[in-house]
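Nothing here was measured: the structure is a model prediction, and the numbers come from that model. Lettering of chains follows the sequences in order, A, B, ..., and the numbering in each one begins at 1.
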2 protein chains.
Amino acid sequence: MQALWLEENQISLRAVQQPDKQNEALIRIRKAGICSTDLELVKGYYPYTGILGHEFVGEVLIASDPSWIGQRVVGEINAVCGSCEACLNGRPTHCENRTVLGIVNRDGIFSEYTTLPLKNLHRVPDSVSDEAAVFTEPLAAALEIQQQIQIKPTDRVLLVGAGRLGQLIAQTLVLTGCNLCVVARHPHQQNLLSACGIHLITQDEIQPRKWDIVVEATGSPDGFNLARQAVRPRGTILLKSTYKGEMNVNFSSIVVDEITILGSRCGPFEPALRLLESKEVDPTVLITAQYKLEDVLKAFEHAAQPGMLKVLVEP
Amino acid sequence: MQALWLEENQISLRAVQQPDKQNEALIRIRKAGICSTDLELVKGYYPYTGILGHEFVGEVLIASDPSWIGQRVVGEINAVCGSCEACLNGRPTHCENRTVLGIVNRDGIFSEYTTLPLKNLHRVPDSVSDEAAVFTEPLAAALEIQQQIQIKPTDRVLLVGAGRLGQLIAQTLVLTGCNLCVVARHPHQQNLLSACGIHLITQDEIQPRKWDIVVEATGSPDGFNLARQAVRPRGTILLKSTYKGEMNVNFSSIVVDEITILGSRCGPFEPALRLLESKEVDPTVLITAQYKLEDVLKAFEHAAQPGMLKVLVEP
């Protein structure tokens with residue numbers, strides 16, 4: 001089969017063997033999404049060699065439990081051992097022995113087929129299109145914020161960054177009724193937010209030390225510094241991006257202001273599917289382009305343009 | 001009256017006018033404690049000019065409410081406006097208009113007298129000695145940890161640093177029944193902890209990525225790096241010290257491991273007084289030396305020695 005292979009910061013489309021794992025379901029990819037993490041992996045954010053990609057919707061072809069065969073599914077990206085301390089304490093996404101789809105020691109999904117353990121799969125409701133279902137993984141990541149901290153309806157919440165993930169974060173945070181404002185750099189990002197009735201704010205309009213919660217979704221030192229200036233004493237800065245290198249942080253001011261800084265990664269799939277089914281979140285507005293797998297290199301070039309939203313790939 | 005004056009990183013004992021504030025209680029200082037923050041202020045950690053010091057026990061001489069006169073008291077160090085957003089939302093220690101005893105725009109207590117608003121004062125129970133009561137402020141700061149986060153009896157808690165504040169943190173954390181281990185550099189610090197039945201651990205013995213909560217009480221990059229290595233995914237690092245300059249932090253690993261970093265400052269006085277009254281905490285074991293106010297410069301020299309615990313000053 002054809003697959004997008006990453007090796008030493010180079011991606012190429014190449015023929016690879018079709019996956020065949022006895023204990024896992026074989027899935028035919030229907031649609032796949034390009035994520036910032038994919039682009040960062042190509043830049044060398046984390047050493048990985050193999051098939052890239054982790055956002056997908058597919059169809060089960062082979063499974064040990066026949067009731068799954070023919071089902072349309074999305075898949076959790078962490079394949080876990082189930083027996084380490086993290087797994088046994090309800091933190092499976094932090095499994096000490098995990099492999100991660102297209103990220104850590106497990107071939108990803110820019111390809112025709114993939115495999116995953118059955119327990120990673122979630123059935124997609126019929127009313128949810130492939131174009132929406134392919135966003136389940138990043139939408140779950142957005143919901144991880146509310147899995148980690150309470151967002152009160154009265155909270156002032158600032159979201160810094162309105163890219164692929166930022167848009168989904170905005171669409172989920174606005175559902176809490178909180179007082180949400182978003183810093184979005186690009187006009188098309190702003191337009192999408194405005195169309196959802198989400199308030200925009202410019203950097204100059206941000207009141208310093210006034211925001212209960214700030215979600216940093218740019219991955220840049222500038223974004224973090226803006227978040228740090230905006231958050232109120234005893235407020236929370238949530239880190240929701242990939243960051244290159246090290247960040248300089250003034251710890252004394254973190255202590256004096258009793259700030260909480262919190263990292264946030266993978267989230268829960270079932271609530272994401274519920275929000276897609278109820279149409280409370282419509283991620284399809286983010287789709288900028290769709291490519292065939294044979295044009296996946298063009299798709300990656302397209303997705304890497306500044307401020308670009310979602311580019312999909314279809315085998 | 002005589003007072004320890006800080007100006008441009010120089011301390012000197014000098015004659016100053018006795019304080020006289022109409023709306024505040026006049027307090028005669030009985031005992032005062034030297035804190036790491038005092039030593040850092042002398043080094044220029046934060047620009048401050050005035051009488052140094054904020055840990056004290058004293059006696060009320062003049063007050064608008066006569067029931068306070070003659071009472072032995074300790075005093076909260078943040079003098080607050082009561083009407084700003086922080087005050088009105090239950091965060092008075094973060095008052096936007098606060099002055100802070102011996103730290104921000106308010107003369108401190110290495111002196112014969114001081115003044116504070118009556119609402120800052122707490123009566124000291126008769127059974128609590130001056131030598132114990134003078135620790136109320138740092139003991140309250142130690143308790144701020146449990147005001148901010150839940151420490152479960154089953155939690156593995158690592159405390160890095162066993163200086164003045166670290167010792168009080170250890171004495172309060174051990175009361176939770178949690179699995180507490182302390183990294184203490186100096187033999188006399190180790191001996192005090194052992195005498196309280198608190199477990200010690202060497203840096204080499206610390207299992208990486210295994211500790212639910214790590215309290216960083218050294219204020220050094222080495223201490224933070226040790227804390228970062230020790231904390232488990234989804235664990236919490238609590239910053240409980242003063243830090244010079246900026247710290248380099250790898251944010252991507254904070255995101256991947258979903259770590260919480262939390263600053264912690266002033267804490268609640270009443271619980272501190274209860275623990276002193278019930279003798280559950282005995283801070284007097286930390287007292288290394290006591291000086292008269294006329295020898296306060298010698299007291300500061302003494303307190304600045306590496307690993308030194310508590311040095312008291314008495315007018």
Side-chain angles (χ1 to χ4, degrees), chain A residues 37 40 45-46 85-86 89-91 93-96 98 100 103-104 141 144 147-149 154 156 207 209-210 212 216 219-221 223-224 232-267, chain B residues 37 40 45-46 85-86 89-91 93-96 98 100 103-104 141 144 147-149 154 156 207 209-210 212 216 219-221 223-224 232-267:
Chain A
T37 303
E40 292 298 327
Y45 151 68
Y46 181 90
E85 197 170 293
N89 282 280
R91 303 187 294 270
T93 57
H94 292 278
C95 169
E96 294 159 23
R98 70 185 180 271
V100 188
I103 299 174
V104 182
E144 176 72 354
Q147 198 72 13
Q148 293 178 291
I149 62 168
T154 54
R156 276 176 295 200
Q207 292 167 291
R209 301 170 69 80
K210 285 292 176 195
D212 300 299
E216 202 307 290
S220 71
F224 176 73
R232 69 160 166 83
R234 287 221 184 127
T236 297
I237 300 173
L238 213 133
L239 304 177
K240 195 79 213 183
S241 190
T242 51
Y243 296 83
K244 290 165 216 94
E246 301 206 318
M247 207 74 88
N248 294 321
V249 186
N250 182 324
F251 268 22
S252 270
S253 82
I254 299 290
V255 169
V256 169
D257 288 337
E258 296 192 311
I259 301 301
T260 297
I261 299 173
L262 175 55
S264 180
R265 186 169 40 95
C266 297
Chain B
T37 302
E40 292 299 326
Y45 151 68
Y46 181 89
E85 196 170 292
N89 282 281
R91 302 185 295 269
T93 57
H94 293 277
C95 169
E96 293 159 23
R98 71 185 181 270
V100 188
I103 299 174
V104 183
E144 176 71 354
Q147 199 72 14
Q148 294 178 290
I149 62 168
T154 53
R156 276 176 297 199
Q207 292 167 290
R209 301 171 70 81
K210 286 291 178 196
D212 300 298
E216 201 309 288
S220 71
F224 176 73
R232 68 158 167 83
R234 287 220 184 128
T236 297
I237 299 173
L238 212 134
L239 305 176
K240 195 80 214 184
S241 190
T242 50
Y243 296 83
K244 289 163 217 95
E246 300 206 318
M247 206 74 87
N248 293 321
V249 186
N250 182 323
F251 268 20
S252 270
S253 84
I254 299 291
V255 169
V256 169
D257 288 338
E258 296 192 310
I259 300 300
T260 297
I261 299 173
L262 176 55
S264 179
R265 185 168 44 93
C266 297

Looking only at B:L238, B:I259, B:T93, B:N248, the option with the highest number of non-hydrogen pairs under 4.5 Å against chain A is B:N248
Heaviest contributor of heavy-atom pairs below 4.5 Å to chain B, chosen from A:C266, A:S264, A:P233, is A:S264
CZ of A:F251 to CD1 of B:I261, rounded to nearest 0.5 Å, is 5.0 Å
Between B:D257 and the options B:R234, B:R232, B:R209, the salt bridge (Lys or Arg N to Asp or Glu O under 4.0 Å) test singles out B:R209
Shortest non-hydrogen pair, B:Y45 vs A:S252, comes out as CE1-OG, 3.3 Å
CD (A:E216) and CG (A:L262) are apart, to the nearest 0.5 Å, by 13.0 Å
For B:R265, is there any backbone N or O sitting under 3.5 Å from a side-chain donor or acceptor partner on B:K240? yes
If one checks every heavy atom of B:Y46 against chain A at 4.5 Å, the contacting part turns out to be neither
Ranking B:M247, B:E246, B:E258, B:E85 by heavy-atom pairs under 4.5 Å to chain A gives rank one to B:E258
Per-residue tally against chain B (heavy atom, under 4.5 Å) across A:K244, A:K210, A:E144, A:E96 peaks at A:E144
Answer key: most heavy-atom pairs under 4.5 Å with chain A among B:T236, B:T242, B:I237, B:N250 is B:N250
When the 4.5 angstrom heavy-atom criterion is applied to B:I254 and chain A, the contacting part is both
NE2 of B:H94 to CG of B:N89, rounded to nearest 0.5 Å, is 12.5 Å
